[in-house]
Number of protein chains: 2
Amino acid sequence: MTANAAQKRRGAREAGAEAPAAEPFEQWPEDVDFGVLSGLIGYALRRAQIAIYRDFSASIPDFTPPLFAALVLIDQNPGLTQTRLGQVMGVNRAAAMALIDRLVDLNLVVRHVSVADKRANSVRLTDLGRRRLAAASLAVREHDARIARNLTTRERDTLRSLLRKF
Amino acid sequence: MTANAAQKRRGAREAGAEAPAAEPFEQWPEDVDFGVLSGLIGYALRRAQIAIYRDFSASIPDFTPPLFAALVLIDQNPGLTQTRLGQVMGVNRAAAMALIDRLVDLNLVVRHVSVADKRANSVRLTDLGRRRLAAASLAVREHDARIARNLTTRERDTLRSLLRKF
DNA sequence: TATTGTTATACTCTATAACTATA
DNA sequence: TATAGTTATAGAGTATAACAATA
């Protein structure tokens, strides 16, 4: 991960300025022999993700992809517990804790003990969290449109559909 | 990343045993509202990658995806320098250094100063590196077939082709 | 001056293990 | 006993910054 690049850019860009171009990534340079990697679905996915991640970091400096996803899931699912958030995101309890800790430190979410089960916390957004999420959601949608700019609407639908088969 | 799970499993599995099932990951649980995430290409890719990464870790305990990719690229491209490896993999020089350091520690690759440019190192596989790579390549191909098991041959081609557009 | 390798440093993400409180 | 949260710890991956050697 690389919050560093994001942090560096955070203060360096002025309102209304263009999102900085991420350093170019030669997707599949022709002078390089990728050997067995060429045929692998998993590796093709990985390379696409590198390009996507760079654009995300450059254009949404306030969040990382996991932080943004956690914030959306907390917002959309009232009463979500930390353990369940981890399951949904595909990480364990301790990792979910760490994400929520950071969101709490940023004053974007608060924990409160579940009345139904005193072991459990449910997590919800603060007013600030809601405002930041709304702003970031706009930026993320723009980012997503940008990374998929070389795909037709139909190709995007096909891709989303194929990706759900993993 | 999570070499820990891989390390834990490394000694625990016996020759010929089935690759351990990675902990299940509910790909898009129906009781959860994903909000804006549902429509994002980038997030669909991320979820697919979580599933793929888990299977990789469970079935190729000796390598992580970046280490395997680095090993293949070094093997296939004689005279590759560290900086160029980083560019090809989409990471900076220091990160490429760290990957190569680990491969050197594992006695899988060696550095030697380039005769053409004394600033540069070129990197090549050791005999052990070649043997390990051959074995891992088999396992990785099996892994890739397994993660793509719900896709037809045609769908795999479509997916690889779409992923090259990012 | 520009580039390569290198080292120091830092941060995110994630995991395992063990502990406490509650069920 | 089992589960939720928590804390401590660790390791992989990656970045920035600065330096020496070489181009």
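The sequence lines fix the lettering, A, B, ..., with proteins before strands; numbering per chain opens at 1.
As a whole-Å value, the separation of A:Gln49 CD from D:dT14 C1' is 14 Å. For the pair A:Leu99 CG and C:dA15 P, the interatomic distance rounds to 10 Å; values are reported in whole Å. Atom pair B:Arg54:CZ and C:dC13:C1' shows a separation of 14 Å (rounding to whole Å applied). In this structure, A:Met89 atom CE and C:dA15 atom C1' are separated by 15 Å, rounded to whole Å. Distance CD1 (A:Ile100) to C1' (C:dT12): 16 Å, rounded to an integer number of Å. Between A:Phe56 atom CZ and D:dT14 atom P there is a gap of 17 Å when expressed in whole angstrom units. Distance NZ (B:Lys118) to P (D:dT22): 7 Å, rounded to an integer number of Å. We find that CZ of B:Phe63 is positioned 12 Å from P of D:dG13, with the value rounded to whole Å.
Nearest heavy-atom pair across B:Phe56 and B:Thr64 is CE2-C, 3.6 Å. Listed here is the closest heavy atom pair of A:His143 and A:Ile60: CB-CD1, 3.7 Å.
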Any N/O pairs under 3.5 Å between the protein and nucleotides 5-8 of chain D? List them or say none.
| residue | atom | partner | partner atom | Å |
| --- | --- | --- | --- | --- |
| D:dG5 | OP1 | A:Gln82 | N | 3.1 |
| D:dG5 | OP1 | A:Asn121 | N | 3.0 |
| D:dG5 | OP1 | A:Asn121 | O | 3.1 |
| D:dG5 | OP2 | A:Thr83 | N | 2.7 |
| D:dG5 | OP2 | A:Thr83 | OG1 | 2.3 |
| D:dG5 | O3' | A:Asn121 | ND2 | 3.1 |
| D:dG5 | N7 | A:Arg93 | NH1 | 2.3 |
| D:dG5 | O6 | A:Arg93 | NH1 | 3.2 |
| D:dT6 | OP1 | A:Asn121 | ND2 | 3.3 |
| D:dT6 | OP2 | A:Gln82 | OE1 | 3.0 |
| D:dT6 | OP2 | A:Gln82 | NE2 | 2.8 |
| D:dT6 | OP2 | A:Arg111 | NE | 3.2 |

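Under a 3.5 Å cut-off, the side chain of A:Arg156 and the backbone N or O of A:Ala148 do form a donor-acceptor pair.
When each of A:Val115 and B:Gln87 is assigned the nucleotide of DNA chain C with its nearest heavy atom, B:Gln87 is the one assigned upstream, toward the 5' end. Summary of the strand contacts: A:Val91 and A:Asp117 both lie near DNA chain C, and taking for each the nucleotide with the nearest heavy atom, the more 5' one is attributed to A:Val91.
Ring geometry, A:Tyr43 versus A:Phe34: the interplanar angle falls from 30° to 60°, so the pair is classed tilted.
Residue A:Leu67 places its side chain closer to C:dC13 than to any other of C:dA15, C:dC13, D:dT14.
In this structure, B:Ser114 does not reach the C:dT4 phosphate: none of its side-chain N or O atoms is under 4.0 Å from OP1 or OP2. At the phosphate of C:dA15, OP1 or OP2 sits under 4.0 Å from a side-chain N or O atom of A:Asn92.
A donor-acceptor pair shorter than 3.5 Å cannot be found between the side chains of A:Arg93 and A:Gln87.
Taking 4.5 Å as the limit, every side-chain heavy atom of B:Leu133 sits out of range of all side-chain heavy atoms of B:Arg130.
Both B:Leu103 and A:Leu37 are members of a single hydrophobic cluster when ILVMFWY side chains are connected at heavy-atom separations under 4.5 Å.
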